[in-house]
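Everything on this sheet refers to the single structure shown next.
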Amino acid sequence: QTKNGGRNGFCFFDSAMTEGATERLRLEHDLHGALTRQEFFLHYQPQIDLSSQQLRGVEALCRWQHPLLGMISPNQFIPIVEDIGLIDRLGAWVLEESCQQIIRWDQAGFLVPRLAVNLSVRELERKSLVTEIKDILERTGVAPERLELEVTESMIMRNPESGIQTLAALRELGVTLAVDDFGTGYSSLAYLKRLPLNRLKIDRSFVEKLTQDTNDDAIVRAILALGRSLGLETLAEGIETSAQVAFLLEENCVEGQGYLFSHPMMPEELARTWRTPVF
Ligand code: C2E
Ligand code: MG
Ligand code: MG
Ligand code: MG
C-alpha cells in the first residue's frame, strides 16, 4: 500500500492516503506504542561555518522506523504526535537522547560544539518545559551553552506574550535560541526585536533557487541584513550547490546546513566523517 524508495528512504503515502481517515487512524494507533517499542531514532545533520568549512554544530532530526511501513518522515508523524498528546514524551526523549549522544561523542574525543533540537508548538506552550530542560541538562552533564533550541515564527506568534516569557526563561538557563524556517511565517518585526534570539535559520525554500531567481536572491540578502542589524547569527538551510555557498559567503552569511555538506546521518557515521584528524 505504500510507495517505497522515495527520497531519503522515507516512505511516502499518496496524498489520498494521508488524508484518508483509515491511514491516519492506523498511524495514530501505531504511534501510541512506538516510543516504548523504541521505534524512534535520531539522525544528526552538520551545521558548517561557511568560510572555514568547520563543524559548528549538529541538528538532531527525529525518525520513525515503522515495523511494516518503513521509515516515516517527521513532517508526517510530528503533527499527529502533537494531536494525540504524545509530543511531550517524544520531545523529552529527543532532548535526553541527543544530550546523551553529545556526551558519548565527547567521550570518544569527537567534540561537537553545539547541539540543535527542534521544539514543537505544544512543547513551547508547556509550563514545565523550562524546568524539564534544566533537569535534562543537569542529568546528562551537557553545558547549557551547547544546547540550541529551534522554534518557528508561527509557534511564537500563536501566543506572543507567553512565548516571549518562555524564551526568556530558556535563555536564563543559558541555552541559545534559533528561529527555524525563517521567512515562511508571519512574525512581526516588532516582536522579532523583543525576542531573546541568537540565530536566524533562513528557510530552504529561499535558498533553493539562489543565484537562479533574483527574487530569492533579494529575499536572502534582506534576511541577512535584518539578522545583522538585530545582532543575530545567520544560517542558511538546504544548501545543495557550491553556487549557493559562493552567494552566501559574498553576502556574509555565517553558517550553512544542507546535502552539499552532509545528509542527516547516524551518530557513528557522523563522527567518522567529521572527526578532524589529530596529527
Ligand atoms: P527542519 O527543522 O527545518 O529540518 C530541516 C529539514 O530539511 C530536515 O528534514 C532535513 O533532512 C532537510 N534537509 C536538510 N538539508 C537539506 C537539503 O540540502 N535539501 C533538502 N531538500 N532537504 C534538506 P526532516 O529530517 O525530514 O525534518 C522535517 C521537519 O520535521 C524538520 O524541519 C522539523 O520541523 C521537524 N522535526 C524533525 N525532527 C523533529 C523533532 O525531534 N522534534 C520536532 N518537534 N520536530 C522535528
Ligand atoms: Mg530545525
Ligand atoms: Mg528548517
Ligand atoms: Mg521545518
Side-chain angles (χ1 to χ4, degrees), residues 6-12 31 34-35 39-48 50 57-65 70-99 101 114-126 129 132-133 136 147-156 176-185 197-210 220 223 234-245 248 255-266 270:
R7 289 180 70 181
N8 303 325
F10 285 131
C11 95
F12 288 101
L31 276 167
L35 202 54
E39 289 168 4
F40 294 108
F41 63 98
L42 299 177
H43 271 166
Y44 297 86
Q45 187 179 36
Q47 301 181 322
I48 305 297
L50 288 175
V58 297
E59 178 176 3
L61 294 160
C62 192
R63 273 87 184 85
W64 179 25
Q65 182 66 46
M71 194 145 84
I72 298 179
S73 158
N75 286 324
Q76 231 169 7
F77 70 78
I78 295 280
I80 307 180
V81 168
E82 289 195 324
D83 285 352
I84 63 179
L86 289 178
I87 195 67
D88 295 357
R89 280 177 61 212
L90 182 63
W93 178 82
V94 170
L95 273 162
E96 177 114 25
E97 172 59 27
S98 57
C99 283
Q101 182 56 54
R114 181 176 78 225
L115 166 69
V117 176
N118 294 284
L119 289 186
S120 78
V121 195
R122 290 278 304 271
E123 288 179 280
L124 192 66
E125 288 172 350
R126 194 168 75 230
L129 178 74
E132 280 168 30
I133 290 180
I136 290 175
L147 179 64
E148 182 153 286
L149 300 171
E150 299 192 358
V151 295
T152 62
E153 295 161 89
S154 42
M155 277 166 63
I156 303 165
T176 57
L177 301 171
V179 184
D180 204 353
D181 308 337
F182 188 75
T184 59
L197 302 170
N198 302 84
R199 198 180 320 280
L200 294 183
K201 295 188 73 178
I202 305 170
D203 190 66
R204 189 175 79 218
S205 59
F206 306 117
V207 176
E208 200 178 350
K209 295 192 212 68
L210 221 48
V220 169
I223 295 176
T234 47
L235 181 150
E237 298 189 286
I239 299 178
E240 297 186 2
T241 70
S242 41
Q244 293 164 338
V245 174
L248 291 161
E255 292 182 22
Q257 194 178 340
Y259 296 166
L260 178 70
F261 304 111
S262 176
H263 279 73
M265 52 175 78
M266 293 301 281
L270 193 136

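Order of listing sets the numbers, starting from 1, for every ligand and every atom in it. Owing to the predicted nature of the structure, the values given are computational and were not obtained by experimental measurement.
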Can you name the atoms of ligand 1, numbered from 1 with element, that are less than 4.0 Å from a heavy atom of [X]?
{"X": "I239", "answer": "18 (O)"}
{"X": "V94", "answer": "41 (O)"}
{"X": "P264", "answer": "11 (O)"}
{"X": "L119", "answer": "44 (N)"}

Can you check the angle at the Mg ion (ligand 3) formed by OD1 of D181 and OE2 of E237? Round it to the nearest 10°.
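Vertex at the Mg ion (ligand 3): approximately 140°.
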The Mg ion (ligand 2) - closest N/O/S atom in E59:
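Within E59, restricted to N, O or S, the Mg ion (ligand 2) is closest to atom OE2.
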Would you mind naming the N, O or S atom of E150 nearest to the Mg ion (ligand 2)?
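In E150, the heteroatom (N, O or S) nearest the Mg ion (ligand 2) is OE1.
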Under 3.5 Å: donor-acceptor pair, side chain of [X], backbone of [Y]:
{"X": "Q244", "Y": "T241", "value": "yes"}
{"X": "N198", "Y": "L177", "value": "yes"}
{"X": "E39", "Y": "L35", "value": "no"}
{"X": "E97", "Y": "V94", "value": "no"}
{"X": "E153", "Y": "G185", "value": "yes"}
{"X": "R199", "Y": "T234", "value": "no"}
{"X": "Q65", "Y": "F41", "value": "no"}

Between E82 and V121, the two heavy atoms sitting closest are OE2-N, 3.3 Å
For ligand 1, indicate whether the residue E59 contacts it via side chain, backbone, both or neither (heavy-atom separation under 4.0 Å).
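Side chain only; the backbone of E59 stays clear of ligand 1.
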Are the charged groups of K201 and E59 less than 4.0 angstrom apart, N to O?
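A salt bridge is present here (some side-chain N lies under 4.0 Å from a carboxylate O).
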Metal-centred angle, OD1 of N118 through the Mg ion (ligand 2) to OD2 of D180, rounded to 10 degrees
90°
May I ask which of [options] has a heavy atom nearer to [atom] than the others do?
{"atom": "atom 35 (C) of ligand 1", "options": "S120, G91, A178, P74", "value": "P74"}
{"atom": "atom 7 (O) of ligand 1", "options": "M155, M71, E150, R204", "value": "R204"}
{"atom": "atom 14 (C) of ligand 1", "options": "Q45, Q257, H43", "value": "Q45"}
{"atom": "atom 17 (C) of ligand 1", "options": "E237, R63, E240, Q244", "value": "E240"}
{"atom": "atom 43 (C) of ligand 1", "options": "D181, N118, N75", "value": "N118"}

Working note: E237 + Q257, criterion side-chain hydrogen bond (donor to acceptor under 3.5 Å, both in side chains); need CA distance, chi angles, decisive distance, verdict.
CA-CA 5 Å; E237 298 189 286; Q257 194 178 340; 5.7 Å; no
For ligand 1 and L61, I'd like to know whether there is a polar contact (N/O to N/O, distance under 3.5 Å).
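Among all N and O atoms of L61, none is under 3.5 Å from an N or O of ligand 1.
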